[in-house]
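The shown structure was predicted, so the numbers you read here are calculated from the model rather than taken from an experiment.
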Amino acid sequence: MRVKTAAALVLLGLIALVAGIGQLTFWAPPKTVTATLPADAKAGPLTVLDTKLRDLRGGEADVSIKGDGNFVLAVGRPDDVAAWVGKTAHTTIDGATPDGKQLNATYTDGDPTAPSPAGSDTFATTQSASGSLDYHWDLPGDGDWQIVLAADGTKPAPHDVTITWPSNETTPWAVPLVVVGAILLAGGVLLIVLRRRGPGAGTPAQATGSHGGPDAHAEVEPAAGDGSAAYLDAPQRAERRAVSRAASAAVAVVLALVGGGTAAQASTPPSPSGTSSPSASGSAPAPTDKVLIDEQLQRILDQVATGVSAGDQAKDPKQLEPRVAESALQSRAANYKIRASVATLAAPTPVRSTRLLTSVVPTQRTWPRTVVAVTQGEGNSVPQILTLRQDNARANYRLVEAAPLLPGSTFPNALKAGAQQVPLDFKEGLAYSPNDALRGLGDRLTSPDAWKDKIPDNAYTKDTLAYESDVTKATPNGDIKFAHNPTGSDAAAYRTADGGAVVVAPLEFTITGTPKSQGDKLTVNDDAAALAGGKEAQNSMTLRFLESVVLYIPPTGAKQPLTLVAATRNLVAASVN
C-alpha cells in the first residue's frame, strides 16, 4: 500500500510540476495583444485614434500604420483634435472586439477635404512618414491624447492600422503548482526510500528483542517519517537524513528557478497603466489643462522668431503675415516703409526665442487663445514680452504684441501650472478691472496729473509726457491734442499668483493738430512724412502710434500701486492735408 501511495505522490508531483512550469514557459500566455482595423472600414480624409484605446490595455501601445505615399501623424488633446477635425469626414477608431483581434471604427460623414495637420500649432507633435510608420504611443501623465492621421487632405487617410498592447495576462497558479509538485515529488521519493529500509523490506531492521544478539546494544531513536518503522539504526538514520536533504535541495532549486522565471515574466511586459500609472507613493501625476505644453510653446516661439527674422531681413511685411498680426505687424510694416526713405531710423528690436525666461499659458481652452512669453536673446538688451494669439483650431499662433521690460521692472509671477484668463471687465478681488486700469493708464500718459497717485512715474511715462511737451513746443502755431485709448482688441488679462492680475494690451496713441490761424502750416518729421506722403499740413495733421503695454493690477486691499511693467510705441500711420 505504501508503494502505491508513493507512486501516486510522485505522479501527482510530476503532473503539478509540468503544469506549473508549462504555464511559465511553453504554455505561457502571449505577451502582447494585436488588433487590426478591418480592410472594409470606410475611410475619410482623416483617421482619428481615440483616447479610449488607452484604456483597453493600460495606457501604452505600439501603432503600426501603412498608407499609400506620404502621410502625417499628429498628436493632440481630445478637445483640440475635435476642434481641428471640425466638420471634416473622418474615421474614428475607438475600441476593439472582446477577443482583442479587431479594431472598432466609426465613420462620420462631412466635408471631403481637410488641411494637413503637419506643423499645426494645435497639435503637441507631428510626424511625417512615407509608406509606413511604427509609432510607440506612450501616453504622458498630464492628460489624455489622441492621434490624427492624414494624407494630403483630399485622399483617404491611412486606415491600415494595427495596434499592439501588452496583454497584461498573468498565470497566478504557476508558482503554487510548482511548489506543490516539488513537495509531492519529494514526499513520494521519501516514502519509497523508507519502504526499502523499513520492517518487512529486503533488509530487516536491527531492533533489540527478547532473544538478545549482537545488536542488543544498538542505538535507537524514534523515526521521523510517517511512523512506518518505530526505530532506525545509525546507517538508516544517516540515509534518511541524506534523502531529506536531497529532497529539500530539490525543492529549493525548483523554487529558485520558478522565482527567476516569475521575476523575468513580471519584468517583461510594461506597467499595466503605462506612464499614467500612480507613482510608488500612490499619487498620480497632477493633470494640467494648459493649452500648450512646454515643448509645444518652444516650437511655436522658434517658428515665430524665424518668421519675424525673415521679414526683417527682406523688409517685407508679406513674409511676416504667417506668424505676425495686428499691432506687431502694423508696427514692423510701417518701420520697413519709413526706412526705405529715412536711413537713420532704427530697425525693429529682433524677436528671439533662444532664451525663454517665463511664460503665461492659460487654461482657457476656447478660442481665440492668447499666451505670453518673456524671452531674451541676441540683440535684446532687455527681456521682451511677446504676446501670441491663435484665432481658431486650424490657425497658427501669431505675434500680436512685443514690448521691452522697463528698467527696474519684473514680470509678475503668473501661475506656472496654467494661468486663469479673466474678462477685461472682471474685478472680483482686484483693485481695478483690466478695462478701468487701461483707461487710467491712458489718462496717465495724456495728462501729467491724472492717476499720478495710482500709477507712479517710470521711464515710459516720463518719456511719453516729455515727447508730448516737445511736440507742443515745436508747434506754436497749431492746436495740438493727445489721446491714449485702448483699441478694444488683442487685450488679455490673467490672474497672478498673489491674487492680482497682469494685462497685456495695445493702446492707440494719436496726435492731432490744426493751424491756429488762416495760412499757418503744420510740419511733420521725416518719419511721419514717409507715411503721410508729405511734410506740410494746411488744414490738419494726424499721427497714429500703437503702444504695446503690460500692466500689473494689485489685489484688493494691497498697498502696491498699478505698475506699468513693459511698454513701447511705434508710429504706424500719418496724414497731412
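- Within 6.0 Å of CD on Glu321 lie more than 12 heavy atoms contributed by other residues, nucleotides or ligands.
- For the pair Arg77 (side chain) and Trp145 (backbone), a donor-acceptor distance under 3.5 Å is absent.
- For the pair Arg369 and Asp121, the salt-bridge criterion is not met [side-chain N within less than 4.0 Å of a carboxylate O].
- Side-chain N/O atoms of Asn413 and Thr496 include no donor and acceptor closer than 3.5 Å.
- Look at Asp457 and Arg444 and you find a salt bridge, because one of the NZ, NE, NH1 or NH2 atoms lies within 4.0 Å of a carboxylate O, short of that distance.
- Rounding to the nearest 0.5 angstrom, the gap separating the CG atom in Asn380 from the CZ atom in Arg352 is 6.5 Å.
- Taking a cutoff of 4.0 Å between a charged side-chain nitrogen and a carboxylate oxygen, Asp436 and Arg439 qualify as a salt bridge.
- Here the CG atom belonging to Asn539 is positioned 9.5 Å from the OG1 atom belonging to Thr514, to the nearest 0.5 angstrom.
- In this structure, a donor-acceptor pair under 3.5 Å is present between the side chains of Glu401 and Ser327.
- Around atom NZ of Lys535, more than 12 heavy atoms belonging to other residues, nucleotides or ligands sit under 6.0 Å away.
- Arg544 has a carboxylate O that lies under 4.0 Å from a charged side-chain N of Glu508, or vice versa, which qualifies the two as a salt bridge.
- Looking only at distances, no side-chain donor or acceptor of Gln384 sits under 3.5 Å from a matching main-chain atom of Thr375.
- One finds no salt bridge joining Lys481 and Asp479 here, because no Lys/Arg side-chain nitrogen approaches an Asp/Glu carboxylate oxygen to under 4.0 Å.
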Residues 561-577, side-chain donor-acceptor partners within the protein, below 3.5 Å, at least two apart:
unit_1 : atom_1 : unit_2 : atom_2 : d
Thr563 : OG1    : Pro561 : O      : 3.2
Arg569 : NH1    : Asp463 : OD2    : 3.2
Arg569 : NH1    : Thr464 : OG1    : 3.3
Arg569 : NH2    : Asp463 : OD2    : 3.0
Asn577 : OD1    : Ser540 : OG     : 3.1
Asn577 : ND2    : Ser540 : OG     : 3.4

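- A donor-acceptor pair under 3.5 Å links the side-chain atoms of Tyr336 to the main chain of Asp312, judged by distance alone.
- With 3.5 Å as the limit, one finds no donor-acceptor pair spanning the side chains of Glu295 and Thr125.
- Side chain of Thr92 to main chain of Val48: no donor-acceptor pair is present (N/O by atom type, distance under 3.5 Å, no hydrogens or angles).
- In this structure, a donor-acceptor pair under 3.5 Å is absent between the side chains of Asp294 and Gln298.
- Judged by distance alone, the side chains of Ser433 and Asn435 never bring a donor and an acceptor atom under 3.5 Å apart.
- Asp134 and Ser64 share a donor-acceptor pair across their side chains, judged by distance under 3.5 Å alone.
- Defined by atom type and a distance below 3.5 Å, a donor-acceptor pair is present between the side-chain atoms of Gln303 and Arg323.
- Open room surrounds CG on Asp68; 12 or fewer heavy atoms of other groups in view lie less than 6.0 Å from it.
- The distance from atom CG of Asn396 to atom CD of Gln390, rounded to the nearest 0.5 Å, is 7.0 Å.
- Aromatic ring orientation, Tyr467 versus Phe545: perpendicular (interplanar angle above 60°, classes split at 30° and 60°).
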